[in-house]
Asker: 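Got a structure for you, written out below as structure tokens; questions coming shortly.
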Protein chains: 2
Amino acid sequence: MTTAARPMRADARRNYERLLAVARDAITEHGAEVSLDDIARRAHVGPGTLYRHFPNRDALLAAVLADWAEELRRQGDELVADPDPAGALDRWLHLLLGHLGTYRGLAAAILASAGDDESALGHACQPMHDTGRTLVDRARTAGTVRSELTAADVHRMVHGIALITENLPDRAAAADRMLTVLVAGLRPPPDAAAGH
Amino acid sequence: MTTAARPMRADARRNYERLLAVARDAITEHGAEVSLDDIARRAHVGPGTLYRHFPNRDALLAAVLADWAEELRRQGDELVADPDPAGALDRWLHLLLGHLGTYRGLAAAILASAGDDESALGHACQPMHDTGRTLVDRARTAGTVRSELTAADVHRMVHGIALITENLPDRAAAADRMLTVLVAGLRPPPDAAAGH
DNA sequence: TTGTCAACCGGAGACAGTCTCCGTATTCTG
DNA sequence: CAGAATACGGAGACTGTCTCCGGTTGACAA
């Protein structure tokens with residue numbers, strides 16, 4: 001309909017794959033803010049070639065994260081099928097936080113791209129946001145999440161935890177402590193349903 | 001002892017003041033990541049002059065934030081004097097979050113400088129961190145904050161909230177919702193002291 | 001195989017930002 | 001007012017982003 005007018009030329013496909021592989025390594029090693037020209041150099045390709053295949057950093061990130069996002073979507077779908085709203089949400093938040101720790105700078109990039117229709121990364125993360133919305137909404141309906149909270153609020157907070165812990169020496173432990181606080185704080189205050 | 005070998009030369013003092021004033025405006029308008037060369041230009045001063053007075057962005061930020069930090073310290077001291085540990089901490093976190101919203105990029109800058117002895121900004125924020133530590137420690141001792149949490153954890157989370165809300169259209173409201181979650185989540189689980 | 005052309009490559013270079021070096025200018029001091 | 005101490009400022013080195021376009025390569029038909 002819109003794309004795939006013709007299969008890629010062989011050299012183009014080669015370069016595309018090579019760039020993707022190099023980018024994955026570079027981002028693993030140096031975080032999501034690694035120099036793009038550097039990736040091009042490491043892939044033995046001119047900057048023009050990189051920018052032709054990936055118009056901007058977001059697009060490259062989105063391509064690198066394709067599997068990542070797919071895995072998250074899959075696991076999210078399982079949780080959506082889980083009959084326990086509170087437990088499923090809890091596990092989802094842990095899952096999400098773990099995934100956000102995969103690369104440095106990832107949470108910041110996703111946060112910045114959220115809600116931007118132009119952003120390839122934003123598009124790539126849509127399933128993730130959808131899953132979150134489903135789980136949060138369901139939990140709120142079940143009364144295990146404060147009524148005033150948006151699904152976006154909750155996701156944003158998880159991203160925030162990833163953000164503020166990513167340079168800590170005891171990252172995982174600190175992130176865990178904070179997520180515990182978040183999960184506990186999500187619940188409505190005990191006397192919320194009592195009054196009136 | 002260490003500093004103030006001699007009063008500043010008149011032209012130096014003039015430039016210093018002018019840079020500070022221009023920087024305050026620029027940061028208010030464009031956030032903490034505004035171009036330093038641009039600040040120099042606006043102050044009708046060469047980049048060299050700016051960098052002589054403020055060796056790096058942190059130093060400039062620290063100077064701009066001097067009043068800000070002092071005000072926070074003052075209000076923090078009042079809260080330290082408050083006999084109610086839980087209430088004082090609650091008010092402190094609100095206060096802190098409000099202050100962190102003063103300039104865009106502020107929370108990120110402070111977060112990055114925290115625990116760096118070389119950083120002028122880190123040094124400028126020391127009183128803020130001290131106040132936080134006092135209030136959190138006291139509240140934890142009083143049993144209104146989970147025992148596993150560090151004062152740094154709590155501060156970091158407030159910074160996180162500032163960070164993730166700073167570009168939202170309904171910043172203040174979202175920040176409020178999230179701080180409510182944080183404050184609620186800080187409390188130990190109801191059955192924590194019961195068992196055993 | 002060869003010719004043709006659309007598709008693709010790569011790198012020069014424009015632009016913006018950080019930060020330094022050092023010849024020149026200004027201020028202070030006696 | 002002269003000399004010394006201090007400060008100025010801008011050229012420019014460096015890094016990173018991103019574009020433009022002359023030259024090259026691969027796909028396909030003849």
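Per chain, numbering begins at 1; letters A, B, ... match sequence-line order.
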Asker: Under a 3.5 Å cutoff, is there a donor and acceptor pairing between the side chains of Asp58(A) and Ser113(A)?
Answerer: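 The criterion, which ignores hydrogens and geometry beyond distance, is not satisfied for Ser113(A) and Asp58(A).
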Asker: Quick one: does His99(B)'s side chain have a donor or acceptor within less than 3.5 Å of a partner on Leu95(B)'s backbone?
Answerer: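 Such a contact is found between His99(B) side chain and Leu95(B) backbone.
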Asker: Indicate yes or no: does Asp11(B) engage Arg14(B) in a salt bridge with an N to O separation below 4.0 Å.
Answerer: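 So Asp11(B) does not pair with Arg14(B) through a salt bridge.
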Asker: Counting heavy atoms not belonging to Arg13(A), are there more than 12 under 6.0 Å from its CZ?
Answerer: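 Not more than 12 within 6.0 Å, no.
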Asker: With a 4.0 Å heavy-atom cut-off, tell me which residues in residues 50-64 of chain B come close to DNA chain C, sorted by residue number.
Answerer: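 Going residue by residue through residues 50-64 of chain B, the ones with a heavy atom under 4.0 Å of DNA chain C turn out to be Tyr51(B), Arg57(B).
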Asker: Below 4.5 Å, heavy atoms only, C-beta onward: do Leu72(B) and Leu96(B) meet side chain to side chain?
Answerer: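 Yes - at least one pair of side-chain heavy atoms lies under 4.5 Å apart.
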Asker: Side chain to side chain donor-acceptor pair (under 3.5 Å): which pairs involve residues 157-181 of chain B, sequence neighbours left out?
Answerer: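 Those involving residues 157-181 of chain B are Asp153(A)-Arg177(B).
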Asker: Who are the side-chain contact (heavy atoms from CB on, under 4.5 Å) partners of Arg138(B), not counting sequence neighbours?
Answerer: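 side-chain contact (heavy atoms from CB on, under 4.5 Å) list for Arg138(B), sorted by chain: Pro85(B), Ala88(B), Leu135(B).
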Asker: Answer with yes or no whether the side chains of Trp68(B) and Thr102(B) bring together a donor and an acceptor at under 3.5 Å.
Answerer: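 On atom types as modelled, these side chains qualify, holding a pair under 3.5 Å.
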Asker: For residues His155(A) and His129(A), determine if any side-chain heavy atom of one lies less than 4.5 Å from a side-chain heavy atom of the other.
Answerer: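 SC-SC contact between His155(A) and His129(A) confirmed.
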Asker: Can you list the steps and then say if Arg187(A) with Val145(A) is a side-chain contact (heavy atoms from CB on, under 4.5 Å)?
Answerer: CA-CA 5 Å; Arg187(A) 308 202 90 97; Val145(A) 164; over 6 Å; no
Asker: Test: salt bridge (Lys or Arg N to Asp or Glu O under 4.0 Å). Region: residues 105-114 of chain A. Which pairs qualify, not counting sequence neighbours?
Answerer: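 Residue pairs with at least one partner in residues 105-114 of chain A: there are none.
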Asker: Can you tell me which residue pairs pass the salt bridge (Lys or Arg N to Asp or Glu O under 4.0 Å) test with a partner in residues 107-123 of chain A, sequence neighbours excluded?
Answerer: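 Listed once each, the pairs would be none.
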Asker: Within residues 107-118 of chain B, which residues have any heavy atom lying less than 4.0 Å from an atom of DNA chain C?
Answerer: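 Residues of residues 107-118 of chain B that come under 4.0 Å of DNA chain C do not exist, since none gets that close.
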Asker: Using a 4.5 Å cut-off on heavy atoms from C-beta on, say whether the side chain of Arg91(B) contacts that of Asp82(B).
Answerer: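 SC-SC contact between Asp82(B) and Arg91(B) confirmed.
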Asker: Salt bridge check, Arg74(B) against Glu70(B): does any charged N sit closer than 4.0 Å to a carboxylate O?
Answerer: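 No, this pair does not count.
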Asker: Tell me the bend of the helix from dT1(C)-dA30(D) to dG30(C)-dC1(D) as the angle between end helix axes, each from five pairs, rounded to the nearest 10 degrees.
Answerer: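 Comparing the first five pairs with the last five, the axes sit 10° apart.
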Asker: Walk along DNA chain D from 5' to 3' and tell me the first and last nucleotide with an atom closer than 4.0 Å to a non-hydrogen atom of chain B.
Answerer: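 Range of nucleotides within reach of chain B: dA5(D) to dA11(D).
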Asker: Output a table of donor-acceptor pairs, distance under 3.5 Å, between side-chain atoms of residues 44-55 of chain A and any protein atom two or more places apart or on a different chain; print 'none' if there are none.
Answerer:
none

Asker: Using a 4.0 Å cut-off on protein heavy atoms (strictly under), produce a 5'-to-3' string for nucleotides 23-30 of chain C with B for base contact, S for backbone-only sugar-phosphate contact, and - for none.
Answerer: ---BSS--
Asker: Using residues 20-31 of chain A as the side-chain source, report each donor-acceptor pair under 3.5 Å to any protein atom, sequence neighbours left out, with the distance given to one decimal.
Answerer:
| unit_1 | atom_1 | unit_2 | atom_2 | d |
| --- | --- | --- | --- | --- |
| Arg24(A) | NH1 | Val64(A) | O | 3.1 |
| Thr28(A) | OG1 | Arg24(A) | O | 2.7 |
| His30(A) | NE2 | Arg42(A) | NH2 | 3.4 |

Asker: May I ask you to list the residues of residues 17-47 of chain B, by number, that have any heavy atom positioned under 4.0 Å from an atom of DNA chain D?
Answerer: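 Only Val45(B), Gly46(B), Pro47(B) qualify.
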Asker: Donor-acceptor pair, distance only, cut-off 3.5 Å: does the side chain of Arg133(B) make one with the backbone of Ala152(B)?
Answerer: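 No; zero donor-acceptor contacts below 3.5 Å.
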